[in-house]
Q: 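Take a look at the following structure, please.
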Amino acid sequence: MKKVSVIGAGFAGLTVSLRLAQKGFEVDLYESSSRVGGLLGTDITDYGIAERAANALIRTEKAEALFTELGLTPDLPLHSSKKRFLFRETPRAWPLNFLETLGFIARLLPKALRGKKNFKPHKGETLQAWGQRNIGPQATRFILGPAMQGIYGNDISGLSASLILGPLFSKKKKDRYKGLLTSPHGMQDLVDHLEVKLKEMGVKIHLNASVNPKSLSGPVVIATSAEAASRLLTDRHASVAALLKQIRMSSLMSVTLFFNKAQESFKGFGCLIPRGYGLKSLGVLMNSYIFQGRNKTYNETWILGGVEEDALMELPDQEILKLLAEERHRILGHKESLVDYRINRWKKALPYYNLQLEETLKRLGQMAPTQDLYLHGNYLGGIGLSKILERSEMIAEEIANQYG
């Protein structure tokens with residue numbers, strides 16, 4: 001059996017290790033912390049479950065296949081989750097007024113009739129500039145902006161249109177999206193099933209491990225953040241490390257709030273919040289209306305963060321709770337009594353999908369292939385877990401073709 005080393009046991013490291021083991025490789029998986037799963041995790045409280053980060057995967061064929069392999073029956077969203085809200089003075093299903101809607105259609109329709117290529121991003125174009133060019137300023141601010149910052153955790157004024165929208169124009173066959181799926185017991189259950197499966201496949205998991213890629217023989221997969229990958233590769237591949245060091249990271253905070261009474265004014269998946277209102281919150285997930293079994297006590301998860309919001313990560317719990325109580329009242333108009341909460345602070349957790357990252361990835365792609373080294377993580381092929389799973393399968397296939 002040929003040996004492969006994987007560094008980093010987040011979702012990327014776990015899934016690429018699984019696919020490599022299934023292709024007959026002997027896999028050593030190294031993790032610097034005391035547990036696998038990375039950001040993924042679920043806190044079980046007296047009032048219900050609280051996800052530490054992502055609450056689900058995009059439901060693709062690959063994601064469904066993974067659940068089947070692991071013996072997990074997926075939990076699918078409730079009908080109530082189909083309703084989504086965007087904030088404009090109050091949560092709305094559609095945030096544009098009549099005249100703005102007509103202007104939006106007038107811009108969009110002629111381009112759509114001429115074909116998808118008319119929407120292709122320009123070189124060096126931000127997502128905000130792309131939106132203003134294609135759908136107009138109001139639709140950009142109240143629809144595109146909050147939707148994209150809900151995924152990428154940052155204002156669209158700095159996000160790269162090519163990195164985010166470019167894949168839509170690729171001729172590569174795309175895995176069809178069919179909504180969301182998760183484990184009935186939360187994302188930690190998915191992590192636990194992955195860990196059990198890896199051990200059954202003979203993968204050796206090394207926790208609290210400090211390992212230098214230079215000391216490892218054979219192919220090495222670095223499945224960490226860009227920041228951690230840069231540190232790891234300083235000795236072995238200094239030029240790659242220097243490029244990765246340029247990638248800017250942003251912090252993220254998820255706050256799950258449990259209330260003594262449900263808010264019933266806005267029953268749906270959640271509400272996204274555009275910039276310009278002086279609010280810190282990026283959005284709120286209404287967990288009790290998304291998946292069944294999440295309404296033991298009504299709860300919501302509020303998301304904060306961004307490259308300019310590192311100071312938020314340092315605030316004590318009570319100041320965060322006070323801030324969210326004020327913003328919740330302004331956004332939802334409710335003041336229910338809080339009975340419990342969970343705050344998760346993730347410093348420098350997400351790559352900033354800006355124009356600099358676009359240039360860095362381009363330069364990485366232009367470098368001569370680095371023998372035995374494979375990079376994996378949410379700074380390369382997309383932030384979503386289903387995108388990471390797709391890249392795991394691609395990397396495993398590349399390694400099998402090269403070394404199998």
Side-chain angles (χ1 to χ4, degrees), residues 8-12 32-33 35 37-43 50-55 126-128 145-160 163-164 187 223-232 244-257 270 272-285 300-324 326-328 341-358 360-361 377-380 382-385 387-388:
F11 187 71
S32 62
S33 74
R35 61 175 289 274
L39 273 63
L40 296 181
T42 308
D43 293 323
E51 298 290 9
R52 296 177 189 172
N55 70 342
T126 66
L127 199 53
Q128 184 176 56
M148 290 298 103
Q149 76 182 16
I151 299 170
Y152 294 92
N154 282 287
D155 187 276
I156 62 170
S157 61
L159 297 178
S160 163
L163 281 182
I164 294 169
M187 295 298 282
T224 68
S225 69
E227 189 175 46
S230 175
R231 293 195 301 269
L232 286 165
L244 294 176
K245 191 175 182 179
Q246 296 175 12
I247 296 175
R248 194 173 177 189
M249 304 294 290
S250 58
S251 298
L252 179 72
M253 181 186 295
S254 70
V255 185
T256 298
L257 305 174
L272 293 166
I273 303 156
R275 301 298 84 196
Y277 283 102
L279 297 164
K280 295 293 185 182
S281 303
L282 301 176
V284 53
L285 300 173
E300 303 163 354
T301 297
W302 290 74
I303 308 299
L304 305 94
V307 291
E308 305 298 338
E309 298 294 348
D310 283 350
L312 274 176
M313 304 297 128
E314 307 302 327
L315 292 180
D317 286 8
Q318 292 309 310
E319 288 192 36
I320 292 293
L321 295 176
K322 180 182 177 183
L323 168 70
L324 288 179
E326 293 170 354
E327 296 202 353
R328 184 175 188 266
Y341 70 93
R342 289 294 184 278
I343 298 178
N344 291 284
R345 297 170 174 84
W346 303 106
K347 295 181 181 180
K348 307 296 183 184
L350 289 178
Y352 184 25
Y353 267 64
N354 60 353
L355 297 176
Q356 182 183 340
L357 178 59
E358 180 184 342
T360 298
L361 295 182
N378 58 10
Y379 59 97
L380 292 161
I383 283 178
L385 297 176
K387 291 284 188 183
I388 290 173

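Values below: all heavy atoms of this structure, side chains included; hydrogens, waters and symmetry mates excluded. Quantities reported herein were computed from a predicted structural model and do not represent experimental measurements.
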Q: For T301 and N55: C-alpha separation, side-chain torsions, deciding distance, then whether side chain to side chain contact (heavy atoms under 4.5 Å, CB included) applies.
A: CA-CA 10 Å; T301 297; N55 70 342; over 6 Å; no
Q: Rounded to the nearest 0.5 Å, what separation is found between the CG atom of N344 and the CD atom of E51?
A: 10.0 Å
Q: Testing L315, L282, I303, I320 for side chain to side chain contact (heavy atoms under 4.5 Å, CB included) with M253, which one passes?
A: I320
Q: Measuring only between side-chain heavy atoms, which start at C-beta, is M187 closer than 4.5 Å to L385?
A: yes
Q: Would you indicate whether the side-chain heavy atoms of K348 and S250 approach each other to under 4.5 Å?
A: no
Q: Do any pairs count as a salt bridge (Lys or Arg N to Asp or Glu O under 4.0 Å) and have a residue in residues 148-157, sequence neighbours left out, and if so which ones?
A: none
Q: Under 4.0 Å between a Lys/Arg side-chain N and an Asp/Glu carboxylate O for D310 and K347?
A: no
Q: Is the shortest side-chain N to carboxylate O distance from R345 to E309 below 4.0 Å?
A: no
Q: With a 3.5 Å distance limit and no angle check, can you tell me whether D317 reaches the backbone of I343 through a side-chain donor-acceptor pair?
A: no
Q: Which value, rounded to the nearest 0.5 Å, describes the distance between R248 atom CZ and T360 atom OG1?
A: 12.5 Å
Q: Output all residues satisfying side-chain contact (heavy atoms from CB on, under 4.5 Å) with L380, sequence neighbours left out; order by chain, then residue number.
A: L361, L375, R391
Q: For the OH atom of Y341 and the CG atom of L324, what is their distance to the nearest 0.5 Å?
A: 11.5 Å
Q: Which atom names give the shortest non-hydrogen contact between L159 and M148, and what distance separates them?
A: CD1-CB, 4.5 Å
Q: How far apart are the closest heavy atoms of A53 and S254, and which atoms are they?
A: N-OG, 4.5 Å
Q: In Å and rounded to the nearest 0.5 Å, what is the CG to CG distance from L252 to L304?
A: 8.5 Å
Q: Short question: side chain of Q149, backbone of I273 - any donor-acceptor pair under 3.5 Å?
A: yes
Q: So, for E358 and S160, which heavy atoms are closest and what is the spacing to 0.1 Å?
A: OE1-OG, 2.6 Å
Q: For N354, check side-chain contact (heavy atoms from CB on, under 4.5 Å) against everything at least two apart and list the hits.
A: Y352, Q356, L357
Q: If you define the side chain from C-beta out and look only at heavy atoms, does anything of P351 sit under 4.5 Å from N378?
A: yes
Q: Looking at W302 and S281, what are the two nearest heavy atoms and their distance?
A: CE3-OG, 3.5 Å
Q: Test your reading of the model: is there a side-chain donor-acceptor pair from T224 to the backbone of A229, 3.5 Å cut-off?
A: yes
Q: Could you go step by step and tell me if T256 and D43 meet the side chain to side chain contact (heavy atoms under 4.5 Å, CB included) rule?
A: CA-CA 10 Å; T256 298; D43 293 323; over 6 Å; no
Q: Please give me the minimum heavy-atom distance between L39 and A349, naming the atom from each residue.
A: CD2-CB, 4.0 Å
Q: Of all heavy-atom pairs between R35 and L40, which one has the smallest distance, and what is that distance?
A: NH2-O, 2.7 Å
Q: Give, for atom OH of Y353 and atom CD1 of I247, the distance between the pair rounded to the nearest 0.5 Å.
A: 9.0 Å
Q: Is a side-chain donor or acceptor of W346 paired with a backbone partner of R52 at a separation under 3.5 angstrom?
A: yes
Q: CG/L163 to CG/L355 distance, rounded to the nearest 0.5 angstrom?
A: 8.0 Å
Q: Does the R275 side chain pair with the main chain of G278, one donor and one acceptor, at a distance under 3.5 Å?
A: no
